[in-house]
Amino acid sequence: MPLALLALAVGAFGIGTTEFVMMGLLPDVADDLNISIPSAGHLVSAYALGVVIGAPLLAAVTARMSRRTVLIGLMGLFVVGNALSALAPDNGWLLAARFLSGLPHGAFFGVGAVVATNMVAPERKARSVSLMFLGLTVANVAGVPVATLMGQHLGWRATFLGVSAIGLAAIAALAFLIPHDHEHTTAQGLRGELAALRSLPVWLSLGTTVAGFGALFAAYSYITPMLTDAAGYADASVTLLLALFGVGATAGNLLGGRLADHSLRGTLFSGLTALVAVLALFPLLMRTELTAAVAVILLGMAAFVTGSPLQLMVMEKASSAPSLASSANQAAFNLANAGGAWIGGLALAAGFGVTSPALAGVALAVLGLAVASLACAVDRRRAPVAGRERIVASHVPQEAEAVHH
């Protein structure tokens, strides 16, 4: 695997850290800015909104630029957003800065995935994507806990300055390790990139992402009350258990990348099926501390096995203009985050029990399997048509030559 993938992973590590660290800093930010915890929670939503808007927008407007230049520019915007977060004088400015920090998130992963797959042989594409995503999963193991501790002891502003430093390191790595490219400058531009989103298979792939990862976030958003109220863990133990989730996610990400290079669709279906099984067992596994810890690891593994296959599938369905579709898939991940948390919250508010969000996740994972099955059926129906078109096209030159003679 090219060393350049390390540069993408460093950028992903910084992005993953700043995305999730706000959850642990909400009380500190609320106290410092004299706002309520629910008001501070809007800072999480502002970042997610930036991702959803920025992912397709920035990928589209940079369609004719060198991908290397785009990646460096996106990470520069990331550094500015986090630096402004550290310097924000009030909640309004911090909301704007968090929105700005989220803008480059999806486009970085989207364009980065295209760069990663272009640097390796076809049989290693999924593994290259999984290595880039490795930075995101490792952020949950190390980056977020360390950044949270830094914020608690040095102040939350120090956390965002630290994340800005990670962004600067990523810029240096991108500049030194990512090869210069001119291929992207001959792309079809904005119109060509937008054309990719008119494809039904692309939308079905995006729908699978929303449903599949919505299943994860329906349960994971409420994992703390499950661990404390159902499994009996003390509040102080939750941080360690969330790190175990990161370990499971990292293992699942690497496993999914390796398996997807052998069978892309098979890995996707297996991962979604495993996610259904794990979530269905949550009410049982959350009865003891040991089985609850196992459940957290298995949840991370089952969900992130599907990460690389979903990213690669969207790119393949939009092969003529993959950057926008790949970035749109990152927006779909964040829609899954918001939608899954909302659906899980509905189950909790309805009084179905503290583990009911996991069962809501089961329904979403089953929906993901249904959408993936529909996508498979559409591909099979289109395959014979595409085959006939290739056969006809291959005979046209011969017929024309015969007419000429």
Side-chain angles (χ1 to χ4, degrees), residues 52 126 129 196-222 249 252-253 255-257 259-260 262-283 295 298-319 325-326 328-348 350 352 355-386:
V52 173
V129 173
L197 294 185
R198 292 201 292 264
S199 168
L200 177 60
V202 169
W203 280 104
L204 290 174
S205 297
L206 294 174
T208 306
T209 297
V210 172
F213 271 82
L216 164 66
F217 287 110
Y220 186 64
S221 300
Y222 305 96
N253 173 56
L255 179 63
L259 293 177
H262 297 285
S263 176
L264 182 63
R265 204 175 291 276
T267 303
L268 176 59
F269 278 101
S270 298
L272 288 173
T273 302
L275 187 57
V276 170
V278 171
L279 289 171
L281 289 172
F282 247 59
L298 292 178
L299 179 63
M301 287 188 66
F304 279 87
V305 159
T306 65
S308 298
L310 284 169
Q311 188 73 30
L312 196 57
M313 188 170 294
V314 170
M315 292 164 60
E316 289 185 350
K317 300 306 176 186
S319 56
S326 180
N329 196 49
Q330 294 302 312
F333 279 119
N334 278 267
L335 287 175
N337 189 339
W342 177 68
I343 292 174
L346 290 178
L348 204 58
F352 293 130
T355 58
S356 61
L359 299 181
V362 171
L364 287 172
V366 170
L367 177 61
L369 278 169
V371 177
S373 299
L374 178 59
C376 184
V378 169
D379 284 348
R380 288 176 177 174
R381 180 173 295 182
R382 291 190 173 198
V385 176

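Worth knowing before you read on, the calculation uses all heavy atoms, side chains too, and leaves out hydrogens, waters and symmetry mates. The model shown is predicted, which means the values in this text are computed figures rather than measured ones.
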Heavy-atom pair of closest approach, residues A375 and L204: CA-CD1, 3.6 Å
Closest heavy-atom pair, S221 versus A341, reported as atoms and distance to 0.1 Å, is OG-CB, 3.3 Å
Out of curiosity, L264 CG to E316 CD, how far, rounded to the nearest 0.5 Å? 5.5 Å
Could you pull out the closest heavy-atom pair between A360 and I343, with the gap in Å? CB-CG2, 4.0 Å
Heavy-atom closest contact (G340 atom, L364 atom, distance): CA-CD1, 4.3 Å
Contact between F217 and F333 at the side-chain level, heavy atoms closer than 4.5 Å - yes or no? no
Start with the C-alpha gap between F269 and L369, add the side-chain angles, then the distance that decides, and say whether side chain to side chain contact (heavy atoms under 4.5 Å, CB included) holds. CA-CA 7 Å; F269 278 101; L369 278 169; 3.7 Å; yes
Worked verdict on L346 versus W342 for side chain to side chain contact (heavy atoms under 4.5 Å, CB included): CA-CA 6 Å; L346 290 178; W342 177 68; 3.7 Å; yes
OH-CG distance between Y220 and L279, expressed to the nearest 0.5 angstrom: 14.0 Å
Going by the side-chain contact (heavy atoms from CB on, under 4.5 Å) test, name the single residue among L312, V210, L206 that passes it with N329. L206
One should read off an interatomic distance between N253 CG and M301 CE, to the nearest 0.5 angstrom, of 11.0 Å
Just so I know, are the side chains of T267 and V305 near enough to count as touching, which here means a heavy-atom distance under 4.5 Å? yes
Looking only at heavy atoms, what is the nearest atom pair of A260 and A126, with distance? CB-CB, 3.6 Å
Just to verify, which of N337, T306, T208 counts as forming a side-chain contact (heavy atoms from CB on, under 4.5 Å) with F213? T306
If you measure from OG on S326 to CE on M313, what distance do you get to the nearest 0.5 Å? 13.5 Å
Which heavy-atom pair separates V371 from G207 by the least distance, and what is that distance? CG1-C, 4.1 Å
Is a side-chain donor or acceptor of Y222 paired with a backbone partner of T355 at a separation under 3.5 angstrom? no
Stepwise, does the side chain to side chain contact (heavy atoms under 4.5 Å, CB included) test hold for R265 with D379? CA-CA 11 Å; R265 204 175 291 276; D379 284 348; 2.4 Å; yes
Here the gap from L298 atom CG to F282 atom CZ, rounded to the nearest 0.5 Å, amounts to 8.5 Å
Can you tell me how far apart CG (L310) and CG (L268) are? Round to the nearest 0.5 Å. 5.0 Å
